[in-house]
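Sequence lines set the chain letters: A, B, ... in the order given, protein chains first and strands last, and positions in each chain run from 1. Please read these numbers as outputs of a predicted model, since none were measured by experiment.
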Amino acid sequence: MIKLIRSLGRWGLGTFERLGRGHLFLMHILAGIPGLFLRFSLVIHQVYSVGVLSLLIILISGLFVGMVLGLQGYNTLVDFGAEESLGVLVSLSLVRELGPVVSALLFAGRAGSALTAEIGLMKSTEQLSGMEMMAVDPIRRVIAPRFMAGLISMPLLAAIFSAVGIIGAFLVGHGLLGVDDGAFWSQMQAKTDFYDDIMNGVIKSVVFGFVVTWIALFEGHDATPTSEGVGRATTRTVVHSAFAILGLDFVLTALMFGDE
Amino acid sequence: MMQNKSTEIIVGMFVAVGIAALFMLAMKVSNLGDFTDEAGYQVTAEFENIGGLKVRAPVTMAGVRVGRVASINLDPMTYNAEVTINMYSQFDNIPYDTSASIYTAGLLGEQYIGLVAGAEEEFLQDGDVIDLTQPALVLEQVIGQFLYSKAEGDE
Amino acid sequence: MPLIKIRDLHFYRGNRAIFEGVNIDIERGKVTAIMGPSGTGKTTLLKLIGGQLRPDKGTIEVDGQNVHKLSRSDLYELRKRMGMLFQSGALLTDLTVYDNVAFPLREHTDLPESMIRDLVLMKLQAVGLRNARNLQPSELSGGMARRVALARAVALEPMMIMYDEPFTGQDPISMGTLVNLIHRMNDAMGLTSIVVSHDVAETAEIADYIYLLSGGKIIEHGSPVQLRRSGSQWVQQFMQGLPDGPVPFHYAGPEFKEDLLKPEEYA
Ligand SMILES: Nc1ncnc2c1ncn2[C@@H]1O[C@H](COP(=O)(O)OP(=O)(O)OP(=O)(O)O)[C@@H](O)[C@H]1O
Ligand SMILES: [Mg+2]
C-alpha cells in the first residue's frame with residue numbers, strides 16, 4: 001500500500017517536473033524566435049521537411065475523407081430529400097472539425113515523429129552539446145526554426161486538407177450521385193460563415209500546430225540519449241499529440257461554437 | 001547552393017498552394033464572397049415575432065437576394081423585435097412603402113425576410129424604417145389555430 | 001598565471017563520486033595531458049571546463065573567469081575562444097564535411113563566402129581531408145570524422161583546444177600527423193592544448209605536463225620524464241600498460257569469487 005502511494009507520488013513528481021521543463025523549454029524557444037527573422041532561410045528549410053514532406057499524405061487523406069463524407073452524407077440526406085444540403089454538411093464538418101483535427105493527427109504522425117527522432121538522435125550523437133561548445137545555442141539554431149516551421153505549416157496543411165476534401169465530396173456528390181452543382185455550392189456558401197467557421201478552423205489548426213510541434217521537439221530534446229530512448233520518445237510524441245489534439249479540440253469547440 | 005534554391009522554390013510553392021486553399025475556403029466555400037457589397041445602406045423593421053430568424057439571414061425581394069440581417073434587438077418600449085437590415089447598394093430604388101414578412105425556406109429550412117415592393121415614388125434610404133411588417137409563422141400557433149377552427153367548424 | 005585553474009573540484013553522478021577534490025593548473029601555450037583509466041571521468045572533466053556540467057563543489061577558472069558564475073551570454077563568449085574535439089566527433093549529420101567546418105565561421109563571423117572557403121580548405125588541408133570536403137559525415141570512418149571535427153574545432157582560431165581522445169581510431173600515419181599538428185598549432189599559434197588520452201606513448205611525446213587521474217583524485221602529475229621515473233607502482237603500471245598492479249581494471253564492486261557463489265542472482 002505504502003509502496004503504491006510512494007510510486008504514485010514519484011510518478012506525480014516526475015510528471016510535474018517534466019511539465020515544468022517543458023514550459024521552460026517553450027520559453028527558451030519563444031525567446032529565440034525574434035532572431036529567426038534575420039535568418040529566415042533556416043525556417044524555410046524546415047518548412048520543407050516539416051510541411052512539404054507532409055503534403056502527400058494530407059492530399060490523399062483529405063481527398064478520401066471528403067469522398068467518404070460525400071457518400072455517407074448523401075445516403076443520410078437523401079432520406080429527408082435534402083441532398084442539396086450535402087455541400088453544407090461536408091463543408092461544416094471539414095472546416096470546423098475534420099480538417100484541423102485529422103490533419104493535425106496526420107501531422108503528428110508524419111512530421112512530429114520525424115522531428116522527435118531527429119532531435120533525439122542529434123542529442124545522442126552529441127551534436128547538440130557539440131554546438132553548445134561552439135557557442136551556438138542549439139535551441140535557437142536547431143529547435144526554434146523547426147518550431148516556427150511547424151507553426152507555419154500546420155494551418156496551411158489543414159486548409160489544403162479541407163479544400164481537397166470539399167473537392168472530393170463534390171466529385172462524388174455531383175459526378176457520381178448527381179447532386180445539383182449550383183445547389184451544392186450555393187447552399188454551402190449560404191451556411192458557412194467566414195469568421196465563425198473558417199477562421200475558427202484556422203485558429204484551431206494554429207493551436208494544434210503549436211502544441212504538436214512543441215511536444216515533438218520537447219520529447220526529442222528530453223529523450224534519453226540511446227536508441228531505445230529515442231524510440232520511446234517518438235512513440236510518446238504521437239500518443240501525447242493525439243491526446244492533446246483531441247482534448248484541445250473539445251475545449252476549443254466549446255469555446256468557439258458553444259454559444260450558438 | 002543549387003539544392004538550396006530548389007528547396008526554397010518548392011517551399012514557396014507549398015505556401016502558395018496553402019494560401020490558395022485558404023482563399024478557396026474563404027471565397028468559394030464561405031459567405032465571405034458576399035461581403036464584397038458590404039457598403040450598402042441600413043434600414044430597420046419592427047416585427048411582433050421573428051420566430052427563428054438569425055443574424056445574417058438573407059433578405060430577398062421576388063426571390064432575389066437584396067440584403068441580409070445585420071442585427072436583432074428587442075425594443076424596450078414596445079417589446080417588439082427590432083431587426084436591422086443591410087441592403088446591398090445596387091438596390092437603391094426600393095419604394096418607401098415596401099412591406100417585410102418573415103418566411104421559412106421549405107418546411108424545416110432557415111428563416112428569411114421577404115420584401116414586397118410598394119407603390120410610392122420615394123425610395124428607402126439609410127436609416128429608414130419599414131412600417132408594414134408581418135411576423136413569422138410559429139408552427140405551434142398555426143397548429144393551435146387550425147385545431148381551434150376545426151373544432152368550431154364541427155359544432 | 002595558468003589559463004585554467006581547477007580548485008577542490010567535487011562532482012557526483014547520483015551517489016557515485018566522479019571527482020573528489022581535484023586541483024589542476026593548465027599553463028598557457030603548453031600541451032597538458034590528462035590521463036587515466038577508462039571511466040574515471042576525463043570526458044566529464046572537459047565538460048565541466050566547458051560549462052556544460054556544474055561542479056557540486058569547487059571552482060573552475062578559465063582565463064581568470066569562473067566558468068560557472070558567468071551569465072549565459074558571457075559563457076557563450078568564452079566558449080567561442082575554446083575549441084573542443086568530442087570523443088565521437090559530434091559532426092552535424094545534415095551538413096557536408098565542408099559545411100561542418102564552415103559552421104562556426106558562418107555562425108560567429110560575417111566573413112564573405114570566398115574567405116570562408118579559403119579558411120575551410122586550409123583547415124581541411126591541415127588534417128589531410130581537403131578532397132573529402134563534399135562527403136557526408138555518414139560516409140566518413142571514425143578516424144576521419146575525428147579529423148574533420150579537429151578542423152572544425154580550430155576554425156575560429158581559439159585560445160585553447162580540448163582534445164578528447166584524438167588518437168583513437170587513427171592509423172599510425174595519421175596518428176603521426178595529428179601529433180605533429182597538435183604540436184605545430186601549439187608552437188605556431190600559441191594555443192593551449194588539453195589532451196585526454198590513453199595512448200601513453202603518443203601523449204608522452206607531445207605533452208609538456210601530465211596529470212594522472214584515478215578514483216576521483218589526481219594520483220600524480222609532472223612532466224613525462226618525471227612520471228617515467230616515478231617510484232609509484234600505480235604510475236609505473238599505467239605508463240607501461242601492465243595488466244597487474246594497483247590500478248583496478250574492473251568497475252568497483254564485489255569480488256568475482258563472491259558472484260560465482262551466488263548462482264541464484266539471475267535465476
Ligand atoms: N550521463 C551520465 N549519467 C550518469 N553517469 C554518467 C553519465 N556520463 C558518464 N557517467 C559516468 O561517469 C563516469 C565518467 O565518465 P566519462 O565519460 O567522463 O569517462 P572517461 O574517463 O571519459 O572514459 P573513457 O576513457 O572511456 O572515455 C563513468 O563511469 C560513467 O559511468
Ligand atoms: Mg571519455
Side-chain angles (χ1 to χ4, degrees), chain A residues 40-41 43-55 58-59 62 80-82 84-85 87-88 90-92 94-95 99 149 152-167 169-170 184-199 201-202 205 260, chain B residues 1-38 52-60 63-72 86 88 103-113:
Chain A
F40 215 70
S41 70
V43 179
I44 292 179
H45 280 254
Q46 293 310 320
V47 173
Y48 180 81
S49 46
V50 170
V52 175
L53 295 184
S54 309
L55 193 56
I58 291 286
L59 283 174
F80 302 101
E84 261 78 38
S85 301
V88 187
V90 169
S91 81
L92 289 187
L94 275 172
V95 166
I152 294 174
S153 301
M154 186 70 254
L156 295 178
L157 289 172
I160 292 173
F161 186 96
S162 298
V164 170
I166 289 171
I167 292 170
F170 177 73
F184 184 92
W185 293 113
S186 68
Q187 290 244 6
M188 183 154 79
Q189 286 182 3
K191 288 280 181 60
T192 313
D193 186 70
F194 180 71
Y195 295 101
D196 285 350
D197 299 320
I198 298 201
M199 282 325 273
V202 171
S205 63
E260 265 190 43
Chain B
M1 282 292 121
M2 196 50 227
Q3 210 186 350
N4 269 347
K5 271 273 170 304
S6 59
T7 309
E8 281 168 17
I9 292 170
I10 294 173
V11 168
M13 288 184 339
F14 166 67
V15 174
V17 169
I19 290 177
L22 263 179
F23 193 73
M24 165 187 158
L25 292 181
M27 302 316 278
K28 191 106 177 105
V29 173
S30 83
N31 50 6
L32 189 71
D34 303 349
F35 278 71
T36 45
D37 210 340
E38 186 66 78
L53 190 74
K54 296 238 172 66
V55 172
R56 270 202 264 285
V59 177
T60 64
V64 179
R65 180 180 284 191
V66 295
R68 60 169 61 245
V69 173
S71 67
I72 299 172
N86 259 341
Y88 298 154
Y103 298 115
T104 307
L107 190 59
L108 301 169
E110 65 172 330
Q111 299 201 294
Y112 66 97
I113 296 183

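Taking each heavy atom of A:Met188 and B:Lys28 in turn, the nearest pair found is CE-O, 4.4 Å. Residues A:Ser162 and B:Leu25 share a closest heavy-atom pair of CB-CD1, 4.0 Å. The two residues B:Ala21 and A:Ala163 make their nearest non-hydrogen contact at CB-CB, 3.9 Å.
With sequence neighbours excluded, the residues that form a side chain to side chain contact (heavy atoms under 4.5 Å, CB included) with B:Val15 are A:Leu156, B:Val11, B:Ile19.
A:Ile166 touches chain B through its side chain: at least one heavy atom from C-beta onward sits under 4.5 Å away, while N, CA, C and O do not. Heavy atoms closer than 4.5 Å to chain B are found in the side chain of A:Leu55, but not in its backbone. Using a 4.5 Å cut-off between heavy atoms, A:Val164 does not touch chain B at all.
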Requested in this report: Any chance you could lay out the side-chain contact (heavy atoms from CB on, under 4.5 Å) test for A:Leu53 and B:Phe14, step after step, and finish with the verdict?
Outcome: CA-CA 10 Å; A:Leu53 295 184; B:Phe14 166 67; over 6 Å; no
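Atoms CE and CD1, from B:Met24 and A:Ile198 in turn, are 9.0 Å apart once rounded to the nearest 0.5 Å.
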